[in-house]
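Both backbone and side-chain heavy atoms feed into the values below; hydrogens, waters and symmetry mates do not. Model, not experiment: these values are computed from the prediction.
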Amino acid sequence: MALNTSLPVLIVDDYQTMLRIIRNLLKQIGFNDVDEAKDGSEALGKLKEKKYGLVISDWNMAPMTGFELLQKVRADAELSALPFIMITAEAKTENVVAAKQAGVNNYIVKPFNAETLRSKIAAVLGE
């Protein structure tokens, strides 16, 4: 079974360049329905308006971090099952553990390429 690339994806990062990089990588894999948010609060607003199949969020953002966004998504009855992948520059063990306990589906450490992104998404969505 191939990866379902028709799913709408929300990418969340406060760094415009990173949003562009992730969007391009997603396009290489075949995802074309991609929306962007600059922080957790903007992302939450978008999640309420549209049904997404996947969230890919940076960890370090202000005012709401990716970790806080993950906690809010998991606490929301309508969003709690939403596949969520966290991106971070630091692979600190305590962060990975905290994210796992908070219900993250997968974790990507920067820098990464299309193949890494694809395999992480495939692990979450199932091929």
Side-chain angles (χ1 to χ4, degrees):
M1 195 177 122
L3 200 52
N4 180 3
T5 52
S6 66
L7 287 173
V9 180
L10 180 64
I11 51 179
V12 193
D13 201 310
D14 54 358
Y15 191 45
Q16 194 58 49
T17 308
M18 201 61 211
L19 285 172
R20 202 166 54 238
I21 291 168
I22 299 168
R23 176 185 283 279
N24 289 339
L25 291 174
L26 284 168
K27 194 164 259 155
Q28 284 176 40
I29 304 167
F31 287 91
N32 291 308
D33 189 354
V34 180
D35 291 339
E36 301 176 356
K38 290 188 177 42
D39 64 66
S41 344
E42 189 188 338
L44 270 180
K46 293 196 174 200
L47 289 170
K48 298 264 185 245
E49 291 160 20
K50 178 174 169 181
K51 198 143 177 52
Y52 290 94
L54 175 66
V55 174
I56 300 175
S57 175
D58 189 39
W59 182 296
N60 296 309
M61 295 178 294
M64 189 193 290
T65 66
F67 184 68
E68 290 167 324
L69 173 62
L70 172 65
Q71 291 175 311
K72 288 196 183 316
V73 165
R74 288 296 174 251
D76 185 312
E78 284 176 29
L79 302 172
S80 61
L82 182 64
F84 198 111
I85 296 177
M86 189 80 76
I87 295 176
T88 182
E90 311 128 57
K92 290 195 194 126
T93 316
E94 63 266 27
N95 284 11
V96 177
V97 170
K100 281 250 184 283
Q101 284 171 341
V104 80
N105 296 94
N106 219 324
Y107 207 88
I108 303 177
V109 180
K110 294 178 195 170
F112 56 93
N113 58 20
E115 193 39 55
T116 302
L117 185 60
R118 190 191 180 290
S119 67
K120 296 280 185 177
I121 292 173
V124 170
L125 300 179
E127 282 203 86

Inset, instruction - Measure the shortest side-chain to side-chain distance between Leu125 and Asn4 over non-hydrogen atoms and say whether it is less than 4.5 angstrom. - result: no
Inset, instruction - Say whether Tyr107 and Val73 are linked into one hydrophobic cluster, either directly or through other cluster members, by side-chain heavy-atom distances under 4.5 angstrom. - result: yes
Legend entry - Lys72 side chain reached by Met64 side chain, heavy atoms, under 4.5 Å: yes
Legend entry - Asp13 bridged to Arg23 by N-O distance under 4.0 Å: no
Inset, instruction - Kindly indicate whether the side chain of Ile87, heavy atoms from C-beta on, has any atom under 4.5 Å from the side chain of Phe112. - result: yes
Inset, instruction - Please examine the side chains of Lys110 and Met18, heavy atoms only from C-beta on, and report whether any two atoms are closer than 4.5 Å. - result: yes
Inset, instruction - Looking only at non-hydrogen atoms, find the nearest pair between Pro83 and Val124 and report the distance. - result: CB-CG1, 3.4 Å
Inset, instruction - Taking all heavy atoms of Leu69 and all of Ser57, pick out the closest pair and write down the distance. - result: CD2-OG, 3.9 Å
Inset, instruction - Flag yes if Trp59 and Tyr15 sit in one hydrophobic cluster, no otherwise; membership is Ile, Leu, Val, Met, Phe, Trp, Tyr, and two members link when side-chain heavy atoms are under 4.5 Å apart. - result: no
Inset, instruction - Any chance you could measure Ile21, atom CD1, to Ile11, atom CD1, to the nearest 0.5 Å? - result: 10.5 Å
Inset, instruction - Check whether more than 12 heavy atoms from other residues, nucleotides or ligands sit under 6.0 Å from atom NZ of Lys50, and answer yes or no. - result: yes
Legend entry - Check: Ile29 main-chain N/O paired with Arg118 side-chain donor or acceptor under 3.5 Å: no
Legend entry - Within 6.0 angstrom of Lys120 NZ, more than 12 heavy atoms from elsewhere: yes
Legend entry - Interatomic distance, Glu49 atom CD to Leu10 atom CG [nearest 0.5 angstrom]: 10.5 Å
Inset, instruction - State, yes or no, whether a side-chain contact exists between Thr116 and Asn113 at a heavy-atom distance under 4.5 Å. - result: yes
Legend entry - More than 12 heavy atoms of other groups within 6.0 Å of Glu94 CD: yes
Legend entry - Taking every non-hydrogen atom, the tightest pair across Ala102 and Leu70: CB-CD2, 3.7 Å
Inset, instruction - Would you mind telling me which of Leu79, Asn105, Leu54, Ile56 makes a side-chain contact (heavy atoms from CB on, under 4.5 Å) with Phe84? - result: Asn105
Legend entry - Min side-chain heavy-atom separation Leu7-Tyr52 under 4.5 Å: no
Inset, instruction - Mind listing the closest non-hydrogen atom pair of Ala62 and Asp39 along with its distance? - result: O-CB, 3.6 Å
Legend entry - Interatomic spacing from NZ in Lys27 to CD1 in Ile22 - rounded to 0.5 Å: 14.0 Å
Inset, instruction - Would you check, one step at a time, whether the test side chain to side chain contact (heavy atoms under 4.5 Å, CB included) holds for Val104 with Phe67? - result: CA-CA 9 Å; Val104 80; Phe67 184 68; over 6 Å; no
Legend entry - Nearest-0.5 Å distance, CG of residue Asp58 to CG of residue Asn60: 6.0 Å
Inset, instruction - Can you spot which of Ile108, Ile85, Val9 makes a side-chain contact (heavy atoms from CB on, under 4.5 Å) with Ile121? - result: Ile85
Inset, instruction - Would you name the heavy atoms of Ala43 and Val12 that are closest together and state the gap between them? - result: CB-CG2, 3.7 Å
Inset, instruction - Identify the heavy atoms of Glu36 and Gln16 that sit nearest to each other, and give their distance. - result: OE1-NE2, 3.7 Å
Legend entry - Joint cluster assignment, Val55 & Leu117, ILVMFWY side-chain distance < 4.5 Å: no
Legend entry - Electrostatic pair Asp35-Lys46, nearest N-O below 4.0 angstrom: no
